[in-house]
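All heavy atoms count here, side chains included; hydrogens, waters and symmetry mates do not. A quick note: this is a predicted structure, and the numbers were derived from the prediction, not measured. Just follow the structure's listing: the first ligand is 1, and inside any ligand the first atom is 1.
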Amino acid sequence: MNQEKTGKFIAACRKENGYTQAALAEKLGITDRAISKWETGKSMPDASIMLELCELLKINVNELLMGEHVAMENYKEIAEQNLIELRKQEEQANRRLLRAEYLLIIPTVAAALAMIVSGGFVAATNIVIAIILIALGAAVLIIAIVNGLMIEHNVGYYECPECRKRYIPSMKAVVLAPHYGSTRKMRCPYCEKRGYHKKVLTK
Ligand SMILES: [Zn+2]
């Protein structure tokens, strides 16, 4: 696989089919930045979106991965193997990121809280150190929470329990949603119903 070649091929096929980056992004329910990243070879389309993308570009998955039009008897079989492999990679990458989130964020939050609490303890004896500890703790806490929310937002998808559609919510929706664990109460962009949407790792 050659990411750059695939990127140029995506751009060429997109233009052939009369789509702007924005129009193609809208059809796929993703951002046009994602498409720009594929086309410049910075990333590959997720396995979950490949079939839909290929359908729109009127190519097959094997051609997408090869970055050119190919005539092969058994391309279907090869493409399916590629898809399964890519899906596995996406799942693993997402699982790693979520694990990193918990490994990194939880100790950081604990350390920040410890700083704030010890700041409270020394307040009576040394007010300057207390203020420094509390301010530092608060800053670290905010950074940890923002980072956690960003990972939470960027990894995987949320699934609507009503219509079973999987989607990426806006950052604002993630921040404002009541949640337990990684399940968040949000409004589904497809059926508009509010409910507890579970985090899933692939589309
Ligand atoms: Zn729904």
### Message
Assess the residue pair E162 and C188 against the criterion (side chain to side chain contact (heavy atoms under 4.5 Å, CB included)); give the C-alpha distance rounded to whole Å, side-chain angles, the decisive distance to 0.1 Å, and a yes or no.
### Response
CA-CA 9 Å; E162 294 286 336; C188 170; over 6 Å; no

Name every donor-acceptor pair, under 3.5 Å, that has one atom in a side chain of residues 167-174 and the other anywhere in the protein, sequence neighbours excluded.
from	atom 1	to	atom 2	distance (Å)
Y167	OH	H197	ND1	2.6
S170	OG	A173	N	3.1

### Task
Provide the protein N, O or S atoms situated under 2.8 Å from the Zn ion (ligand 1); waters are not included.
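You should have found C160 SG, C163 SG, C188 SG, C191 SG.
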
### L24 and L53: CA distance, side-chain angles, deciding distance, side chain to side chain contact (heavy atoms under 4.5 Å, CB included) verdict
CA-CA 8 Å; L24 186 61; L53 172 66; 4.0 Å; yes

### Task
Using the ring pair (Phe, Tyr, Trp, His ring centres under 6.0 Å) rule, collect all pairs that involve residues 8-59, keeping only residues at least two apart or in two chains.
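Residue pairs with at least one partner in residues 8-59: F9-H69.
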
### Query
What distance do T183 atom OG1 and E159 atom CD have between them, rounded to the nearest 0.5 Å?
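Atom-to-atom, T183:OG1 and E159:CD are 10.5 Å apart.
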
### Query
Which residue pairs pass the salt bridge (Lys or Arg N to Asp or Glu O under 4.0 Å) test when at least one of the two sits in residues 30-47, sequence neighbours left out?
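Sorted pair list: R14-E39.
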
